[in-house]
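To start, the structure under review is shown below, and the notes come after it.
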Amino acid sequence: MIDLAELRKKIDEIDAKIVSLYEQRMEVSSKVAEYKISTGKKVFDKEREIAKLESLTSQTHNDFNRHGVEELFQQIMSMSRKLQYQQMTKQGVVGRLPFTQVDEIEKENVRVVFQGVEGAYSQAAMKAYFGDHVNSLPVAKWRDALEAIMDGIADFAVLPIENSTAGFVSEIYDLLMKYDHYIVGEQVIRVEHKLLGVPGAELSDIRTVYSHEQALMQCEDYLNGHRNWTQTAMVNTAASAKKVAEDQDKSQAAIASAVAGESFGLQVLEEDICSSDVNSTRFIIVSNQRMFCKDAKKISICFEVPHTSGSLYNILSHFIYNNLNMNKIESRPIPGRSWEYRFFVDFEGNLNDSAVKNALRGIMEEAANVKILGNY
């Protein structure tokens, strides 16, 4: 009969040898790092690792062990690389990141562009961040806001990046990759949708409701109680309020903020009609300057990985190894490349932190098209 205690004893003995051999391997990896530092050689040698894995897996005796050895040594080589990145950071050979530290983001005498019209939530976010007396300019599209910075018409742009109920704004992520702009701040605005109509209008008069498609979705429960109303999507909530005000038609209503209603002389027909009590939108402050505040606490990056098994895990392991807390990860299809994706990650940290430098060094060597979107 099999003696389980004896088997466990043998496993313990083997594991002790594995630990000892692992530590010996890391000692050698440390010496490899010293050589690479002195010669300027890159840490990640993909061809060498592929050849090494083929050699090791060829020594196994069945498919199960072959896959196991491949996974085991992928992890061992990954840890070896991380140790080498750490050595390089300690010796100051990581290189400076192309970002300038500032004491604070300038908010006086700056020009700020936002998408929408008077009363838009983006305008409210702009005023919350820069103050009520900011020199501002509204534009029709998000792309126009980024081009205004590129052309020198504005210093900053305010753009929505994420809603707590509707999720992330995919087009903004794509635009951040298209333009050489960077996130320098963020502002969260509570969304409080109201049903607005022209003065004198009653709920019984309403036949058509205008708003942004996300706002219509966020008020779905309320609108389901008025199935005879036609829902029409518009570019944003404030534009919807503007249309209703211009048409002066009692059968029309807009879903927008109270500020938009006041801006266009509309009355509130229904208060707070959003399906969720907790509905907020996060706006980012974008500049064409690579800068970050000395007390910045969040970093946003973007990268691409090969369409192969384990490639995303290998990149994310740099956050785990350096004890960095990842807040969010999103993916977007890469235009023109079927079934390949670009990943956007938010994590806690400051570009001056050694752990952040270690992680970014590894990611930049092992991923493709890495861009630091900002530290804010």
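- Remark: E366 does not engage K46 in a salt bridge, criterion side-chain N to carboxylate O under 4.0 Å.
- Criterion: ILVMFWY side-chain heavy atoms under 4.5 Å apart, direct or through other members. Under it, L21 and I76 are not part of a common hydrophobic cluster.
- Taken together through direct or relayed side-chain contacts under 4.5 Å among Ile, Leu, Val, Met, Phe, Trp and Tyr, V184 and V102 form part of one hydrophobic cluster.
- Taking the six-membered ring where tryptophan is involved, the planes of H181 and Y179 are essentially parallel, since the angle between them stays under 30° and well short of 60°.
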Go through the steps for F283 and Y121 under the test ring-ring contact (aromatic ring centres under 6.0 Å, His included), then give the verdict.
CA-CA 9 Å; F283 291 83; Y121 282 110; 7.7 Å; no

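- Looking at M364 and I372, their side chains come closer than 4.5 Å, going by heavy atoms from C-beta outward.
- In summary, E304 and R337 engage in a salt bridge, as defined by a charged side-chain N under 4.0 Å from a carboxylate O.
- When the shell of 6.0 Å around NZ of K194 is examined, it contains more than 12 heavy atoms from other residues, nucleotides or ligands.
- Salt bridge present: R190 and E192 bring a charged side-chain N and a carboxylate O closer than 4.0 Å.
- A distance-only check finds a donor-acceptor pair linking the side chain of S311 to the backbone of P306 [under 3.5 Å].
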Evaluate side chain to side chain donor-acceptor pair (under 3.5 Å) for S251 paired with D205, printing each intermediate quantity in order.
CA-CA 5 Å; S251 71; D205 298 323; over 6 Å; no

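- For the pair S240 (side chain) and S211 (backbone), a donor-acceptor distance under 3.5 Å is present.
- No donor-acceptor pair closer than 3.5 Å links the side chain of R290 to the backbone N or O of Y182.
- Using cut-offs of 30° and 60° for the angle between ring planes, the Y341 and F343 rings count as tilted.
- Under a 3.5 Å cut-off, the side chain of W142 and the backbone N or O of E171 do not form any donor-acceptor pair.
- With sequence neighbours left out, E365 forms a side chain to side chain contact (heavy atoms under 4.5 Å, CB included) with K42, V43, F44, Y85, R361.
- For D346, the side chain to side chain contact (heavy atoms under 4.5 Å, CB included) partners are R282, K298, S300, N327, K328, Y376, not counting sequence neighbours.
- Residues satisfying the side chain to side chain donor-acceptor pair (under 3.5 Å) criterion with K82, sequence neighbours excluded, are S78, S317.
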Output, in order, the C-alpha distance, side-chain angles, deciding distance and verdict of salt bridge (Lys or Arg N to Asp or Glu O under 4.0 Å) for D155 and R111.
CA-CA 5 Å; D155 302 302; R111 300 160 300 167; 3.1 Å; yes

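- At most 12 non-hydrogen atoms from other residues, nucleotides or ligands lie less than 6.0 angstrom from CD of E108.
- The environment of E104 atom CD is sparse: at most 12 non-hydrogen atoms of other residues, nucleotides or ligands sit within 6.0 angstrom.
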Audit row: Q87, S30, side chain to side chain donor-acceptor pair (under 3.5 Å) steps and yes/no:
CA-CA 7 Å; Q87 293 279 93; S30 182; 2.9 Å; yes

Would you check, one step at a time, whether the test side chain to side chain donor-acceptor pair (under 3.5 Å) holds for E34 with S38?
CA-CA 6 Å; E34 292 175 10; S38 65; over 6 Å; no

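- Proximity of a side-chain donor or acceptor of K371 to a complementary backbone N or O of L176 within less than 3.5 Å is detected.
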Show, in sequence, the C-alpha distance, side-chain angles and deciding distance for N163 and N279, and conclude whether the side chain to side chain donor-acceptor pair (under 3.5 Å) test is met.
CA-CA 7 Å; N163 179 266; N279 185 11; 3.0 Å; yes

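- Remark: the backbone N or O of A16 is not paired with any side-chain donor or acceptor of S20 at under 3.5 angstrom.
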Just do the side chain to side chain contact (heavy atoms under 4.5 Å, CB included) check on L269 and I206 with the steps written out, would you?
CA-CA 10 Å; L269 301 178; I206 304 304; 3.8 Å; yes

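- With values rounded to the nearest 0.5 angstrom, H193 atom NE2 is found 8.5 Å from L216 atom CG.
- Judged purely by atom type and a 3.5 angstrom limit, Q123 has no side-chain atom pairing as donor or acceptor with the backbone of F114.
- Taken together through direct or relayed side-chain contacts under 4.5 Å among Ile, Leu, Val, Met, Phe, Trp and Tyr, V259 and M126 form parts of separate hydrophobic clusters.
- When each of R342, R332, R143 is tested with D174 by the rule side chain to side chain donor-acceptor pair (under 3.5 Å), just one qualifies, namely R332.
- Put simply, the side chain of D247 never gets that close to the backbone of D249: no donor and acceptor are under 3.5 Å apart.
- The distance from atom CD of Q214 to atom OG1 of T237, rounded to the nearest 0.5 Å, is 10.5 Å.
- With salt bridges taken as basic N to acidic carboxylate O contacts below 4.0 Å, one links R66 and D63.
- Note: F168 and Y173 have perpendicular aromatic rings, judged against thresholds of 30 and 60 degrees for the angle between ring planes.
- At a threshold of 4.5 Å between side-chain heavy atoms, the hydrophobic network of Ile, Leu, Val, Met, Phe, Trp and Tyr places V345 and F292 in one connected group.
- For E71, there are no side chain to side chain contact (heavy atoms under 4.5 Å, CB included) partners at least two apart in sequence or on another chain.
- By the 4.5 Å heavy-atom criterion applied to side chains, M88 and K36 are counted as neighbours.
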Derivation and outcome, side chain to side chain contact (heavy atoms under 4.5 Å, CB included), residues V244 and L196
CA-CA 8 Å; V244 171; L196 308 172; over 6 Å; no

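- Rounding to the nearest 0.5 Å places CD1 of I255 at 12.0 Å from CE of M217.
- To the nearest 0.5 Å, atoms CD (Q86) and NZ (K357) are separated by 14.0 Å.
- Environment of CG in D12: crowded, with over 12 heavy atoms of neighbouring residues, nucleotides or ligands closer than 6.0 Å.
- For D144, there are no side chain to side chain donor-acceptor pair (under 3.5 Å) partners at least two apart in sequence or on another chain.
- The side chain to side chain contact (heavy atoms under 4.5 Å, CB included) test applied to N109 returns no partner, not counting sequence neighbours.
- Between F319 and F347, the ring-plane angle classifies as tilted under the 30° and 60° cut-offs.
- Counting only distance, with no hydrogens or angles, the side chain of T100 and the backbone of M291 share no donor-acceptor pair below 3.5 Å.
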Intermediate values then yes/no, side chain to side chain contact (heavy atoms under 4.5 Å, CB included), Q289 and E106
CA-CA 12 Å; Q289 301 297 308; E106 181 62 47; over 6 Å; no

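- A cation-pi arrangement is present between K107 and Y129 under the rule of less than 6.0 angstrom and at most 45 degrees off the ring axis.
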Please lay out, stage by stage, how N288 and M150 fare under the test side chain to side chain contact (heavy atoms under 4.5 Å, CB included).
CA-CA 7 Å; N288 63 0; M150 183 177 67; over 6 Å; no

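- A donor-acceptor distance shorter than 3.5 angstrom exists from the side chain of Q59 to the backbone of S55, with no hydrogens or angles considered.
- F303 and M326 fall within a single hydrophobic cluster, where Ile, Leu, Val, Met, Phe, Trp and Tyr side chains are chained together by heavy-atom contacts under 4.5 Å.
- In this structure, Q187 CD and I285 CD1 are separated by 7.0 Å, a value rounded to the nearest 0.5 Å.
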